[in-house]
Amino acid sequence: LSCGKSRTPKSTGERSGYFCGVPLVPETQPPIFTPRLVLEHVAPSRLITLFEDRESLTIYEGRRYTNPHRVLIDDQGPLRWRVPQVKENASLNKWFVRWMVVKDTDEIVGSISFHGAPNADGMIEIGLGVHPDFQRRGYAKEALIGMWSWVVEQPDVKVLRYTVSATNVASMKIIND
């Protein structure tokens, strides 16, 4: 995503309020701003610390946001797959975990991550989780649009995939709306 421009995935047309910023530290990607969220990239060192020392507060040092709902602490979800990938190749972290931070409160309410770099066909798959207290508020769809807005500008990305189980009613609603 070209910083300062407002873009969404090429198939959905223009939508205001979606843009990227400037990274806070060199090992992170720029934050992605949506109308209500900031999608904050988690640096490789912080990602590893979060996985290996769940209670460490060092991962939040120098950040405005907080994690009172313990996102990726109590349920580490994608970390069991992403951390080994990052340890093997730190450059892959570009595609990985971002916190969903509500702008008005600076609270983390979920996370979103691609499963890896684009494959040989240019396909990239995404997954996400929203804390139960914040579900059914549109945060998941807003985060998806924000991530897709960023990733469609990345070299070699041609196909976006969001795989949803037919029994996951909330995720089915996101793709059917």
Side-chain angles (χ1 to χ4, degrees), residues 1-10 12 14-51 56-73 76-79 82-83 85-86 89-118 124-131 133-135 137-157 160 162 174:
L1 185 62
S2 300
C3 293
K5 290 185 178 178
S6 178
R7 292 235 15 214
T8 56
K10 293 172 184 170
T12 63
E14 294 295 319
R15 184 181 297 208
S16 64
Y18 292 82
F19 62 96
C20 73
V22 177
L24 294 173
V25 293
E27 62 181 356
T28 63
Q29 293 296 306
I32 298 169
F33 297 88
T34 71
R36 299 176 298 154
L37 299 171
V38 179
L39 304 177
E40 292 279 0
H41 187 245
V42 180
S45 59
R46 292 174 191 257
L47 189 73
I48 293 166
T49 299
L50 177 62
F51 183 66
S56 175
L57 299 178
T58 62
I59 61 170
Y60 309 107
E61 287 177 358
R63 303 297 191 259
R64 290 182 36 203
Y65 52 80
T66 61
N67 194 1
H69 311 289
R70 300 178 55 85
V71 173
L72 294 181
I73 294 173
Q76 292 203 302
L79 298 184
R82 304 301 163 249
V83 168
Q85 290 172 293
V86 168
N89 181 353
S91 71
L92 287 176
N93 194 61
K94 166 183 181 171
W95 308 103
F96 293 153
V97 180
R98 287 181 183 261
W99 297 118
M100 292 180 199
V101 180
V102 176
K103 287 179 182 177
D104 291 344
T105 63
D106 288 329
E107 290 180 354
I108 297 169
V109 297
S111 68
I112 190 163
S113 178
F114 292 105
H115 294 198
I124 192 160
E125 185 168 6
I126 197 164
L128 61 90
V130 177
H131 187 276
D133 291 350
F134 297 91
Q135 292 175 355
R137 297 185 190 186
Y139 290 133
K141 189 169 193 169
E142 188 171 318
L144 282 170
I145 292 170
M147 288 292 279
W148 287 334
S149 297
W150 172 78
V151 82
V152 297
E153 299 294 331
Q154 303 304 308
D156 302 322
V157 174
L160 307 178
Y162 176 47
I174 291 169

Hits for ring pair (Phe, Tyr, Trp, His ring centres under 6.0 Å) against H115, two or more places apart or cross-chain, chain-then-number order -> none
Any side-chain heavy atom of [X] within less than 4.5 Å of one from [Y]?
X    : Y    : answer
L128 : L144 : yes
V109 : V71  : no
V42  : F96  : no
I108 : T66  : no
L37  : V102 : yes

Is it the case that the side chain of [X] and the backbone of [Y] share a donor-acceptor pair, with hydrogens and angles ignored and the cut-off at 3.5 Å?
X    : Y    : answer
H131 : D133 : yes
H41  : N93  : yes
Q85  : L92  : no
K103 : T34  : yes
Q76  : L50  : yes

So which heavy atom on [X] is nearest to which on [Y], and how close?
X    : Y    : answer
I32  : G146 : CG2-O, 3.6 Å
M100 : S111 : CE-O, 3.3 Å
I126 : Y162 : O-CD1, 3.6 Å
A90  : P44  : O-CG, 4.4 Å

Classify the ring geometry between F134 and Y139 as parallel (under 30°), tilted (30 to 60°) or perpendicular (over 60°). tilted
How long is the gap from [atom1] on [X] to [atom2] on [Y], to the nearest 0.5 Å?
X    : Y    : atom1 : atom2 : answer
W99  : I112 : CH2   : CD1   : 13.5 Å
M147 : W95  : CE    : CH2   : 9.5 Å
L79  : R82  : CG    : CZ    : 9.0 Å
I59  : L72  : CD1   : CG    : 8.5 Å
R46  : E40  : CZ    : CD    : 10.0 Å

May I ask you to decide whether E142 forms a salt bridge with R36, counting only side-chain N to carboxylate O separations under 4.0 Å? yes
Ring-face cation of R98 near W150 (centre distance under 6.0 Å, axis angle within 45°): yes
Would you check, one step at a time, whether the test side-chain contact (heavy atoms from CB on, under 4.5 Å) holds for I124 with L160? CA-CA 5 Å; I124 192 160; L160 307 178; 3.8 Å; yes
Which residues pass the salt bridge (Lys or Arg N to Asp or Glu O under 4.0 Å) test with D106, sequence neighbours left out? R64
What's the verdict on side-chain contact (heavy atoms from CB on, under 4.5 Å) for V38 and Y65, showing C-alpha distance, side-chain angles and the deciding distance? CA-CA 10 Å; V38 179; Y65 52 80; over 6 Å; no
Step by step, work out the side-chain contact (heavy atoms from CB on, under 4.5 Å) result for V97 and F51. CA-CA 12 Å; V97 180; F51 183 66; over 6 Å; no
